[in-house]
Amino acid sequence: MSRARRLRRSAGALAIASALLVPASSSAEPLSYPGDSANYGWVVTAYFDEGGASDWNCGGNSYSGHKGTDFAILGSWQAMAEGRPVFAAAAGVVETTHDGEPDMCNSGDCGGGGGWGNHIKITHPDGTRTLYAHLKTWSVTVENGEAVACGQQIGMVGSSGNSTGPHLHFEKRKTADYSSITDPFKGPCSPSPGYWISQGAYNSLPALDCPEVIQPWPLLSLDAAVLPIDGQATDFNPEGASAGIFDAYVGQDIRVDFTVSNALDETAVAQGVRVGGELSGHWSVSDWLILDNWPDNACGGDWCPNDSNELPENLPPEQLGSSFALELGPLSPGESKRVELTLTANAETAPDEHARAGLFVANVNGVYQKPGFDAAPDNVDDKQTWGDGDLKWLVEADLYVDEQATTGDGSGDDTLTGDPSTATDGGSATASGTGGASGTGDESDGGSSSGDASAGSATASGGSASGTDGGPALPPVYGADAAYEEGCACRSAPGRGGGAPLLLAFAILGLARPRRRSR
């Protein structure tokens, strides 16, 4: 348990426990919607049975004997695997928790936890209770006796106990007695006074309207790397304005790996993640591939092609122009997705210009939007903090016509093969073994680095190099505070990001509605 959570629990316990000492008032504790309706798709699949399988609005969205409300998640099993949070509908103290039951039931008759499977009961200051059932295995994040706030995450949607698919079964009880279960919705066929803060229209969702909603949100970080061209120096013209700039020849392909990561701890699934690119006229996209490092993927957690490659929104390379977007889909907590982007150099750069490629996060549902590389982002409540909330990287290079047909022969002042453990310049050069991208945020599975990611140190002399401290030798670094990563220099976009800019400037900044039956 994190220190912040312990402190939050302690503070909340004092206030809520004191309230529970007060006799129950005549007015009931109003309820907020217990699912994250702002970021995820949910649908009501069964209301409380008022008799004869009639719901509160005298409709038929119920079944005989159903004494709760079922909220199903769109995306079903895949969405459940990604994780859909369940929140406390009102402040109170946890009365009962049960966890550890299997959560893949689809028969409606799996038992466990009294039929509720993994579940939580919360007692509220007015003496009423709420119950949250069929939760995901080991997703319960609260303990008996713990004070919780309205909107605090308490578990995740599952299909444990008597369930036919992933959903939340929610109950309102006037007392601890099972016979006191009441419909939280009011309407022409319901005697209930209504318990929601705002129940919404028929077959829509109640409002998520806690006074202070404590919700996790996705927290993204970026990384990027340029792969060196085999047998060719990364900076074969280290003079003048080209010093420290990645160099290549017209007609060559250069691959940029752009990685977007969702932090692991206390974050939500990032939905609708879309990345964008803006290219100067020197480039065209010749290929792209989206990969992920999810532990359950076909590659066992190594980088593996992701289903988002098949999305119809993602156009083939030849149809991508100078401004393009690629849909990555959702990112679960701890997951990264990488775009392997191959750029073809089509035109020579003038002495006073560089070829540019701007890569950025264009959308995260309900959290973040950025319409273009240089546009100011719409960062909801400043939730994204990497790079001061500007999720972008810049790529620059100098491109030359290969008049002497030396492409790929290793000529030039500084030679880097595909193996970064060797670097020669015909004389001597020293490479500092610090690497990683400048920026803030979590460093995990391709996320951005903060500070030094030590890779050892190496000295190249007379055409040879050796690594020390277990790190590989790196190619020569031109300019203070520069750092190579996989043979290139990485930095955040000018004027943004946390950390000093790096001077080496191939600079990469990286409805279906199935009926869900439950007890």
Side-chain angles (χ1 to χ4, degrees), residues 31-47 55 59 61-62 68-89 103-104 106 132-136 139 151 153-160 163-170 184-185 196-210 213 215-220 262 267-274 292 294 306-308 310-314 327-333 335 337 361-369 380 383 511-518:
L31 303 176
S32 173
Y33 182 63
D36 188 0
S37 59
N39 290 324
Y40 306 107
W42 295 72
V43 62
V44 180
T45 56
Y47 286 112
D55 58 42
N61 192 4
S62 186
T69 306
D70 288 348
F71 300 103
I73 53 174
L74 301 185
S76 192
W77 301 104
Q78 178 62 35
M80 172 184 147
E82 293 168 356
R84 295 293 184 266
V86 173
F87 305 112
D103 58 13
M104 298 292 287
N106 60 11
Y132 314 76
H134 310 310
L135 303 177
K136 191 175 182 179
S139 73
Q153 183 172 345
I154 57 176
M156 289 188 178
V157 175
S159 188
S160 58
S163 175
T164 59
H167 73 290
L168 170 67
H169 175 89
F170 177 80
F185 291 86
W196 300 106
I197 295 172
S198 176
Q199 74 174 26
Y202 183 57
N203 283 331
S204 66
L205 301 175
L208 200 164
D209 199 20
C210 291
V213 179
Q215 296 181 45
W217 57 81
L219 185 62
L220 302 188
N262 188 8
T267 60
V269 177
Q271 294 282 356
V273 180
R274 182 170 66 251
D292 71 74
W294 191 240
N306 184 261
D307 292 344
S308 54
E310 309 303 323
L311 293 174
E313 299 90 341
N314 291 335
E327 299 284 344
L328 303 190
L331 270 74
S332 297
E335 182 181 15
K337 289 189 178 179
V361 174
N363 183 78
V364 184
N365 288 355
V367 179
Y368 188 89
Q369 283 188 327
V380 177
K383 289 179 177 178
L511 198 39
R513 293 182 49 199
R515 180 64 52 84
R516 304 298 187 196
R517 296 182 62 89
S518 63

- What residues, two or more places apart in sequence or in another chain, satisfy ring pair (Phe, Tyr, Trp, His ring centres under 6.0 Å) together with Tyr368? none

- Query: Hey, what do you get for CG (Asp36) to CH2 (Trp217), rounding to the nearest 0.5 Å?
  - Reply: 12.0 Å

- Query: What pair of heavy atoms forms the shortest contact from Pro330 to Val269, and how long is it?
  - Reply: CB-CG1, 3.9 Å

- So NE2 of His167 and OG1 of Thr45: to nearest 0.5 Å the spacing works out to 6.0 Å

- Message: So which atom in Thr164 and which in Ser159 form the shortest heavy-atom distance, rounded to 0.1 Å?
- Response: C-OG, 4.1 Å

- Find out whether Pro333 and Asn262 are in side-chain contact, i.e. whether some heavy atom of one side chain is under 4.5 Å from a heavy atom of the other. yes

- Task: Answer whether the closest heavy-atom distance between the side chains of Val364 and Pro218 falls below 4.5 Å.
- Result: yes

- Query: Is there side-chain contact between Lys337 and Val273, with heavy atoms separated by less than 4.5 Å?
  - Reply: no

- Query: Is there side-chain contact between Asp103 and Leu135, with heavy atoms separated by less than 4.5 Å?
  - Reply: no

- Task: Please work out whether the ring planes of Phe71 and Trp196 are parallel, tilted or perpendicular, with thresholds of 30° and 60°.
- Result: perpendicular

- Query: So how far is it from Leu205 CG to Thr69 OG1, rounded to the nearest 0.5 Å?
  - Reply: 11.0 Å

- Message: Once side-chain contact (heavy atoms from CB on, under 4.5 Å) is applied, do any residues pair with Glu310, and if so which ones, sequence neighbours excluded?
- Response: none

- Query: How many angstroms lie between atom CD of Glu82 and atom CE of Met156, to the nearest 0.5 angstrom?
  - Reply: 11.0 Å

- Message: Tell me the closest heavy-atom pair linking Trp42 and Tyr40, and the distance in Å.
- Response: CD1-O, 3.4 Å

- Enter the distance from Lys136:NZ to Met80:CE here, rounded to the nearest 0.5 Å. 6.0 Å

- Task: Would you confirm whether Asn363, through its side chain, and Gly272, through its main-chain N or O, come within 3.5 Å as a donor-acceptor pair?
- Result: yes

- Note on the structure: By ring pair (Phe, Tyr, Trp, His ring centres under 6.0 Å), Tyr132 pairs with (sequence neighbours left out) Phe170

- Give me the one residue out of Pro206, Cys210, Ser198 that meets side chain to side chain contact (heavy atoms under 4.5 Å, CB included) with Ser32. Cys210

- Which atoms form the tightest heavy-atom contact between Leu219 and Lys383, and what is the distance? CD1-O, 3.4 Å

- Message: Can you confirm whether the side chains of Asp55 and Tyr202 place a donor and an acceptor under 3.5 Å from each other?
- Response: yes

- Query: About how many Å separate OG of Ser160 and NE2 of His169, when rounded to the nearest 0.5 Å?
  - Reply: 12.0 Å

